[in-house]
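What follows is a set of notes on a single structure, which appears directly below.
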Amino acid sequence: MEYRIHPRTKDKISVIGIGTGPIYEAPEREAVETLSYACEHGVNYVDFATAGAETFRYAGLAFASVRRELLYQVHFGANYETGEYGWTTDLDKVKGQIDWQLSQLNTDYIDFGMIHCLDSAGDWEQYQENGVLDYLLEMKKSGVVRHIGLSTHTPELAGRILDSGIVEQMMFSINPAYDYQHGEYAAGSAGERMDLYRRCEAEGVGISVMKPYSGGQLLDDRTSPFGRALTKIQCLQYALDKPGVLTVLPGVRNLDEMKEALSWLEAAPKERDYSVLGTFTPKDVTGTCVYCNHCAPCPAGLNIGLINKYYDLARIGDDMAADHYAKLEKHASDCLHCGHCDRRCPFGVAQSRRMEEISEYFGEA
């Protein structure tokens, strides 16, 4: 397993986590086996915005002996009174549901308590007016909740809530379909979405990724908005390359799907390569570096993806970005202007010209 360190909480987080959405459909034995297998193979981050109530009991059984080794993301607003997922901002229901979830999970604490699924200004206002936010903050003060998170699909609202300064983790839907304005949750332009990812990295807010396969649509030629399917490995790599992302949470319903997600760990660079996106993404998003590193290897030894990333972060005010850039072995000023990266970039970025711009920005020109 590979891990990333949360910049604020210092938690060591597995890059592949568990999205528990569909696993409630599995028989108990298979569900417990799947969750146990994931843990045995290094997965330590689990999201509990599941589609069915049985998931909590399954997890309680599977993780009983290893709870302290895992990080739980629990949602204040998810409601399972009917046995299936529902959404609520009723304070009494939220309190009752959190008590029930803690009991089912056999735990007395929550690692990341999430402000759950807010997608409009009205949702945020209601969440505060009904006292749910105050309850979540009280739970953090008492130690039951270690950190506050936010679950949303909307960049504009995410920015507004990030302004409050209380959020340390954000659950956001990242995949090529949504980033390029295809699908129900494709809120915000490609630029707005990338700006949000960069802001999270700059401010030390970790991102846990939901819906990396766009609900499975990206995995089939017939349903892909691009008319061409991507693989699960390509989708996972796409999300992991975005600024601020610590872990991707593919929904799994059985052991085979868990193994498919974990196969990313052994995948060859060619299998992870999603540069085909450059042939069918909208014209208005070409010319932007997405840090995919398809331009590698650079004849001069530059890590072009990281150079671009630190430049973009520095421009939005990340105080640490310039320091990270300075510590790179090779800098933009070392560019040979051979055009190798320009020819290989699937997104039409004139990288050699951009190296000149970056070199000048960091005072190397």
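Judged by distance alone, the side chains of Gln73 and Ser208 do bring a donor and an acceptor atom under 3.5 Å apart. Using a 3.5 Å distance cut-off with no hydrogens or angles, the side chains of Thr50 and Thr55 do pair a donor with an acceptor. Thr34 and Asn254 share no donor-acceptor pair across their side chains, judged by distance under 3.5 Å alone. The closest side-chain donor-acceptor pair between Tyr361 and Glu356, if any, does not fall under 3.5 angstrom. Residues Glu168 and His6 bring no donor and acceptor atom of their side chains to less than 3.5 Å of each other. In summary, the side chains of Asp273 and Ser275 do present a donor paired with an acceptor at a separation below 3.5 Å, with no hydrogens or angles considered. In this structure, a donor-acceptor pair under 3.5 Å is absent between the side chains of Tyr197 and Asp312.
Every residue meeting the salt bridge (charged side-chain N to carboxylate O under 4.0 Å, His left out) condition with Glu260, not counting sequence neighbours, appears here in chain and number order: Lys232. In terms of the side-chain contact (heavy atoms from CB on, under 4.5 Å) criterion, residue partners of Arg68 (sequence neighbours excluded) are, by chain and number, Asp108, Tyr109. Residues passing the ring pair (Phe, Tyr, Trp, His ring centres under 6.0 Å) test with Tyr3, sequence neighbours excluded: none. Not counting sequence neighbours, the partners of Asn130 by the side-chain contact (heavy atoms from CB on, under 4.5 Å) test are Thr89, Gln126, Val132. Checked against side-chain contact (heavy atoms from CB on, under 4.5 Å), Pro225 has the following partners two or more places apart in sequence or in another chain: Ala177, His182, Leu218. Here Tyr310 pairs with His324 under the ring pair (Phe, Tyr, Trp, His ring centres under 6.0 Å) rule; sequence neighbours left out.
The backbone N or O of Gln351 sits less than 3.5 Å from a side-chain atom of Asp342, completing a donor-acceptor pair. In this structure a side-chain-to-backbone donor-acceptor pair under 3.5 Å is missing from Thr154 to Leu157. Without hydrogens or angle criteria, Tyr58 side chain to Ala26 main chain gives a donor-acceptor distance under 3.5 Å. A donor-acceptor pair under 3.5 Å is absent between the side-chain atoms of Ser352 and the main chain of His337, judged by distance alone. With Asn175 contributing its side chain and Tyr213 its backbone, the two residues share no donor-acceptor pair below 3.5 Å.
Every pair passing salt bridge (charged side-chain N to carboxylate O under 4.0 Å, His left out) that includes a residue from residues 149-161 is listed here, sequence neighbours excluded: Glu125-Arg160. Each ring pair (Phe, Tyr, Trp, His ring centres under 6.0 Å) pair with one or both residues in residues 231-268, not counting sequence neighbours, appears once here: Tyr238-Tyr274. For the salt bridge (charged side-chain N to carboxylate O under 4.0 Å, His left out) condition, the pairs that include at least one residue of residues 18-31, sequence neighbours left out, are Glu25-Arg253, Glu28-Arg57. Residue pairs that meet the ring pair (Phe, Tyr, Trp, His ring centres under 6.0 Å) test with at least one member in residues 118-138, sequence neighbours left out, are Phe76-Tyr135. Counting only residues at least two apart or in different chains, salt bridge (charged side-chain N to carboxylate O under 4.0 Å, His left out) contacts with residues 206-221 comprise Asp220-Arg222. Contacts classified as salt bridge (charged side-chain N to carboxylate O under 4.0 Å, His left out) and involving residues 291-307 (residues at least two apart or in different chains) are not found.
Between Tyr325 and Ala332 the shortest heavy-atom distance is OH-N, 2.8 Å.
Cation-pi geometry between Arg193 and Phe172 is not met: the NZ or CZ atom fails to fall both under 6.0 Å from the ring centre and inside 45° of the normal. Under a cutoff of 6.0 Å and an axis angle of 45°, Arg315 and Tyr311 form a cation-pi pair.
Side-chain contact check for Arg228 versus Val276: some heavy-atom pair is nearer than 4.5 Å.
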